[in-house]
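Below is one structure, written out as structure tokens; the observations come after it.
What's counted below: heavy atoms across the whole structure, side chains too, no hydrogens, waters or symmetry copies.
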Amino acid sequence: MSGWDAFRRRLDLSAPVAWLGRRTSTQLASALAILAAVALSGSLLITGRAAQLDQRQQAALAALADFGAIATKLPPDVAMDAASMTEADAAYISALLAAFQDGPSREATTLEETCRTGRGGAGVRLIRAPVGKPAGLTALETVRARRLSNLGPDVYLVRLGPGDLCLNREVEAVIVRRPVGALEVTVGRVVDPAGSAWRWAVLSVFAVGVLILVSGLTAATFARRRLTSALAKVSKALDRAALGDFSVRAPDVSVAPELTELSGQVNRTLDRLDELLTWLRDSADQLAHDFRTPLARATARLDKLASTDDARTRARLIREARQDLADISRAMTEAMALRDGEAWSFESVRLDTLAEAAVELYQPIAEERGVTLSAEVEPVAVLGVRSLLQRAVANLVDNAVKFSPDGGAVVIRARPTEDGPILSVSDQGPGMGKAEVSPDSHGMGLAFARASLRRHGGRMTIDDAKPGTIVTAHFTR
């Protein structure tokens, strides 16, 4: 196993990736907002820690400078060894310390300013001699000190509570504690906790962190509510579809952009289901239409067959009943072929040829009623299923001949237009008003014709010819 393969095996990210995959977008947005706020707070703490170390370092350098200045100011004529030092020497040293209590530099911050404003820079001193009382800030003897070895071997950090240096304020000081002859000298500076600019920076970063957190949580809450609302509408559309109502659709992109693809797919599925159910209803209507008449005719002929004794009449009735049953069998075969998809191969179909074939098929029936049946066609073709288009055209012509009065005229037209090919069938029947224009109200065969056109991306219109009706099939290019 190579080193890279071993590293990838150790760095197995499958569990975190799987965990992220189970989170909702609202949870992820909330987690990102919290992580951003935590990261900002962490950077603030790190920056604050670095600033604090810098302030302590500056205080340590100032304390070392103060220690050197005080040590050089001690007069050499004063006994500095424990055996020869007197109380007068100790008092003299105390007076000298008082003169340098505010530090050798006049630019240093005074104790009064430190206690009033909290600013650092003020000096603290303590000198203990072998005899007499210690001079300076006695609290430096008892306060707990932490060694700062990174700043020097004799450098310590002390925290002076309220009353030690300032009456109502706690301060932090860096001190240098070293012996000078028989004296133990402690010199320090108060640490500046933060400058004015740093305080404003802290407040600004804190405010930005709060803003990021609040904004992230608000956005996550809004996204969750929007997604919940959109999903509720999608669920409602599916629930209505389950009950057979396809009038409700999933929300569009403006409601929830995250669900655009899902909403589109749901709506396309509902459209397809609506189309298939409409096709199923229309096909059932067509089958009922195709079977009802042959069955009625066969029943009537069988009844006559039972009541007649004439051999020629019986033979004719038997022949006609067999033809009716053959028509039923043919319709059933076509229906099974449509169900199994055998007739769903698309090809180029000439509408003018279908119109002329329909005229030839229905011409004998039209002549029996004195109806003139003609075709006015131009060469025009569409891409479709030949068997479906043949049945659709036959249904239109069948209805037109059926509703035409004796001596009327039925004209079939097929021609190309700018919007696409059209095929129309007009008759001189009773016609219908616009309020009555409906495929189902003008013969059962029109329902099948309408469904067939929809399967081919077309549409059907019914207009009043005054007198009569014009049924037009519109095909797209």
Item checked: Those residues that, when tested against Gln58, pass side chain to side chain donor-acceptor pair (under 3.5 Å) (two or more places apart) -> Asp54
Item checked: Backbone N/O of Cys115 and side chain of Arg169: donor-acceptor pair under 3.5 Å -> yes
Checklist line | Distance (rounded to the nearest 0.5 Å) between Leu270 CG and Arg240 CZ | finding: 12.5 Å
Item checked: Heavy-atom pair of closest approach, residues Asp352 and Glu378 -> CB-O, 3.4 Å
Note to self: Looking at Arg316, I'd like to know if its CZ atom is crowded, meaning that more than 12 non-hydrogen atoms belonging to other residues, nucleotides or ligands lie closer than 6.0 Å.
What the structure shows: yes
Margin query: I need the minimum non-hydrogen distance between Arg56 and Val174, along with the two atoms involved.
Written below: O-CG2, 3.8 Å
Notebook entry, point to check: Between CZ of Arg322 and CG of Leu317, what distance do you get to the nearest 0.5 Å?
Noted result: 12.0 Å
Check: At their closest point, which heavy atom of Ala400 faces which heavy atom of Ser404, and how far apart are they?
Finding: O-OG, 2.6 Å
Next item on the list: Please report the closest heavy-atom contact between Ala409 and Gln428, naming both atoms and the distance.
Entry: N-OE1, 3.2 Å
Notebook entry, point to check: Ignoring hydrogens and geometry, is there a side-chain-to-backbone donor-acceptor pair from Thr117 to Glu113 under 3.5 Å?
Noted result: yes
Checklist line | N/O donor-acceptor pair under 3.5 Å between Arg369 side chain and Lys402 backbone | finding: yes
Notebook entry, point to check: His456 vs Phe475 aromatic rings, parallel, tilted or perpendicular, using cut-offs 30° and 60°?
Noted result: perpendicular
Check: What closest approach, in Å, do Ala59 and Arg189 show between heavy atoms, and which atom pair accounts for it?
Finding: O-CB, 3.8 Å
Check: Taking all non-hydrogen atoms of both residues, which atom of Arg119 and which atom of Thr114 are closest, and how far apart?
Finding: O-OG1, 3.1 Å
Would you list the atom pairs, donor with acceptor, under 3.5 Å between side chains in residues 356-366 and any protein atom, with sequence neighbours excluded?
from, atom 1, to, atom 2, distance (Å)
Tyr362, OH, Ala394, O, 3.4

